[in-house]
Amino acid sequence: MSQKDFISHLLIECDVMIRYASGQGKTIPSYMPNTVYQLQRKQDVIATDGESVDGGIGFYEHELSELTKCHKELSVLVYPAKPLTLAIMDKESTSVGWIRFLGPVKLVRHMSILAIFFLLSIIGLSISPEVNQKTINEGLFNSEGKTLLLNQLFLLCCAGLGATFACLHKSRNYIRQCNYDPKFDSTYWSMVIMGFMAGLMIAELIPTADLAQNNPTISDFHKPLAALLGGFSADVIYSVLNRLVDVFNQLLGSSDQKAKEQVKNTITQADLAEQLHQQNKDLKESMAIAQNTNQQLLSLIADEMALPSDKKRVILAQLNHAQNVAENSKPAERSNVASEHEIA
């Protein structure tokens, strides 16, 4: 997109947002419409006369800054509506055609025509004597020829009707809030295709007849109903199939999973045994150090009995302190060893 096209795009969106905000009764600062309309007049003059400024397209830097500022503030003002959606709907509102009554969004018009086609096809196929309550429930393997073709087309039309209904219902919420984005059009068409596949799978490949036997009201029409529901809820059918695949994987891989868990438990027990052995070793070393300290202090006391009373008191204090440290360390080490034994 060139600079000229970019500025023209911003001016169009600002103009549409100003008209939308004023139509919604929102307060618009006076400098916004003045700035936008002045730049629009200047753009018209440039397009007519071909004038330019400093080799550019006729807009100064401060004018572009004001334009982008107005666009940003207007986008916040009209939220949750989007500037692009408002511009598209404004452009489509001026289009002329026999399907204009279906709305200003092209996707909705196409989906509506497709839904009407499926509805008329269902009515037209049901007129045929080869499409009836008996033949529709015979399935793929109990019917053949033209009868099978017409019945499968009937089920596909039911699935397509459900899929287009879901797409129209989903898109209308975005159109109502004016935040519809055309870049997601492909997702709606993919929903229709998934609806065809889901409707045919749940009607023909999944044994719904057994589920409908307990309810005589829907037993005669369980396949068209299943196709309609499958087309409407293609995402649900995908979730069910994905869950079935997970269950099969768990059943087939249960032995491998148990082996992996057993190896993991063996490794964990070996680690705990090694930690326990190391802690026992550290405990023995600490006890040996404490005994050596006590012996040194006792020998020092025996050699220095002739010392004054104040020095004796210092030596006795050191001895008592060393004994207290050794005794306090033993219960802590023993509790750690006991906890490791319990975990193992």
Original post:
Of all heavy-atom pairs between C70 and C14, which one has the smallest distance, and what is that distance?
Top reply: C-SG, 4.5 Å

Subject >> Residues clustered with L120, ILVMFWY side-chain links under 4.5 angstrom >> reply: I116

Original post:
Could you give the distance from CD (Q278) to NZ (K281), rounded to the nearest 0.5 Å?
Top reply: 6.0 Å

**OP:** State yes or no: do F117 and L153 share one hydrophobic cluster built from I, L, V, M, F, W and Y residues joined by side-chain heavy-atom distances below 4.5 Å, directly or via other members?
**Re:** yes

**OP:** Supply the atom-to-atom distance M32 CE to K69 NZ, rounded to the nearest 0.5 angstrom.
**Re:** 8.0 Å

**OP:** Mind listing the closest non-hydrogen atom pair of C158 and A227 along with its distance?
**Re:** CB-CB, 4.1 Å

Original post:
Would a line drawn from the ring center of F118 to the ring center of F165 be shorter than 6.0 Å?
Top reply: no

Subject >> L156 reachable from F232 in the ILVMFWY side-chain graph, under 4.5 Å edges >> reply: no

Original post:
So, do Y20 and M89 sit near enough that their side-chain heavy atoms are less than 4.5 Å apart?
Top reply: no

Subject >> Side chain N132, main chain P129, donor-acceptor under 3.5 Å >> reply: yes

**OP:** Output the distance between atom CD1 (I202) and atom CD1 (I237), rounded to the nearest 0.5 Å.
**Re:** 3.5 Å

Original post:
Are L86 and L74 connected, step by step, through hydrophobic side chains (Ile, Leu, Val, Met, Phe, Trp, Tyr) whose heavy atoms are closer than 4.5 Å?
Top reply: yes

Original post:
Take atom NZ in K26; do more than 12 heavy atoms of anything else shown fall under 6.0 Å from it?
Top reply: yes

Original post:
Among L107, I113, V108, whose side chain to side chain contact (heavy atoms under 4.5 Å, CB included) with M111 holds?
Top reply: L107

Table please: side-chain donor-acceptor pairs of residues 75-84 below 3.5 Å, with sequence neighbours left out.
from	atom 1	to	atom 2	distance (Å)
S75	OG	H71	O	2.7

Original post:
Same cluster or not: are I88 and Y188 linked, directly or through other Ile, Leu, Val, Met, Phe, Trp or Tyr residues, by side-chain heavy atoms under 4.5 angstrom apart?
Top reply: no

**OP:** Could you walk me through whether S8 and I12 pass side-chain contact (heavy atoms from CB on, under 4.5 Å), step by step?
**Re:** CA-CA 6 Å; S8 178; I12 291 173; 4.0 Å; yes

Original post:
Roughly how far, to the nearest 0.5 Å, is CD1 of I122 from CG of L155?
Top reply: 9.5 Å

Original post:
Taking side chain as C-beta onward, heavy atoms only, is L10 less than 4.5 Å from F6?
Top reply: yes

Side chains of residues 173-180: which donor-acceptor partners sit under 3.5 Å, not counting sequence neighbours?
from	atom 1	to	atom 2	distance (Å)
Q177	OE1	N179	ND2	3.2
Y180	OH	D185	OD1	2.3
Y180	OH	D185	OD2	3.2

Original post:
Got a second to check how far L148's CG is from E138's CD, nearest 0.5 Å?
Top reply: 9.5 Å

Original post:
Do L200 and Q152 have side chains that get closer than 4.5 Å, going by heavy atoms?
Top reply: yes

Original post:
If we only count heavy atoms from C-beta on, is the L114 to W189 side-chain gap below 4.5 Å?
Top reply: yes

Subject >> Test item: S128 side-chain N/O and G124 main-chain N/O as donor-acceptor pair under 3.5 Å >> reply: no

Original post:
How far apart are the closest heavy atoms of A163 and G195, and which atoms are they?
Top reply: CB-CA, 4.0 Å

Original post:
Distance from Q43 atom CD to L11 atom CG, nearest 0.5 Å?
Top reply: 5.0 Å

Original post:
So, N151 side chain and E130 main chain: donor-acceptor pair closer than 3.5 Å or not?
Top reply: yes

Original post:
For N242 and S239, does a side-chain donor sit closer than 3.5 Å to a side-chain acceptor?
Top reply: no

Original post:
Any luck finding a side-chain donor-acceptor pair between E63 and Q38 under 3.5 Å?
Top reply: no

**OP:** Please check if atom OH in Y31 has more than 12 non-hydrogen atoms from other residues, nucleotides or ligands closer than 6.0 Å.
**Re:** yes

Original post:
Does some side-chain heavy atom of S22 sit less than 4.5 Å from a side-chain heavy atom of I28?
Top reply: yes

Subject >> From CA spacing to verdict: side-chain contact (heavy atoms from CB on, under 4.5 Å), L125, C157 >> reply: CA-CA 9 Å; L125 290 171; C157 290; 4.2 Å; yes

**OP:** State, yes or no, whether a side-chain contact exists between T135 and S143 at a heavy-atom distance under 4.5 Å.
**Re:** no

**OP:** Specify the closest pair of heavy atoms between V36 and D15, including all atoms of both residues, with the distance to one decimal.
**Re:** CG1-N, 4.3 Å

**OP:** State, with a plain yes or no, whether a side-chain heavy atom of E66 is found less than 4.5 Å away from one of L39.
**Re:** no

Subject >> Pairwise side-chain contact, L67 with T35, heavy-atom cut-off 4.5 Å (strictly under) >> reply: no

Original post:
Looking at T85 and D181, what are the two nearest heavy atoms and their distance?
Top reply: OG1-N, 4.4 Å

